[in-house]
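Data block below; observations after.
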Amino acid sequence: MSVRTTVVLDDDVAAAVERMRRERGIGLSEALNELARLGLAAKPPRKRFRQRSEPLGLKLDVTCVARAIEELEGPASR
């Protein structure tokens, strides 16, 4: 199914379409369809994960989890 419609292209998009038409010797519709498909297939850049930490004011060494649990809950928690 094809749909016929009127669109208004920004100057940079029109230039890209025209450049593709000239380079590949294709028509306007074919160039627009190809560019639209490329845009639909493109994956958005992933946002870089950044771990944030805040001081909690703990007076407990938590580098060893087992020792920290023992200090907080007693030796029976093991």
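Note on residues 37-58: no pairs pass side chain to side chain donor-acceptor pair (under 3.5 Å), not counting sequence neighbours.
Evaluation of the side-chain hydrogen bond (donor to acceptor under 3.5 Å, both in side chains) rule for Glu18 yields Arg21 as partners, not counting sequence neighbours. Every side-chain contact (heavy atoms from CB on, under 4.5 Å) that Leu35 has, sequence neighbours left out, goes to Val17, Met20, Leu38. In terms of the side-chain hydrogen bond (donor to acceptor under 3.5 Å, both in side chains) criterion, Ser29 has no residue partners (sequence neighbours excluded). Listed by chain and number, the residues in a side-chain contact (heavy atoms from CB on, under 4.5 Å) with Val7 are Thr5, Leu9 (sequence neighbours excluded). Residues meeting the side-chain contact (heavy atoms from CB on, under 4.5 Å) test with Glu71, sequence neighbours left out: Leu60, Arg67. Residues forming a salt bridge (Lys or Arg N to Asp or Glu O under 4.0 Å) with Arg19 (at least two apart in sequence, or on another chain): none.
Using a 4.5 Å cut-off between side-chain heavy atoms of Ile, Leu, Val, Met, Phe, Trp and Tyr, Phe49 forms no hydrophobic cluster with any other residue.
Counting heavy atoms of neighbouring residues, nucleotides and ligands inside a 6.0 Å radius, atom CG of Asp11 does not exceed 12 of them.
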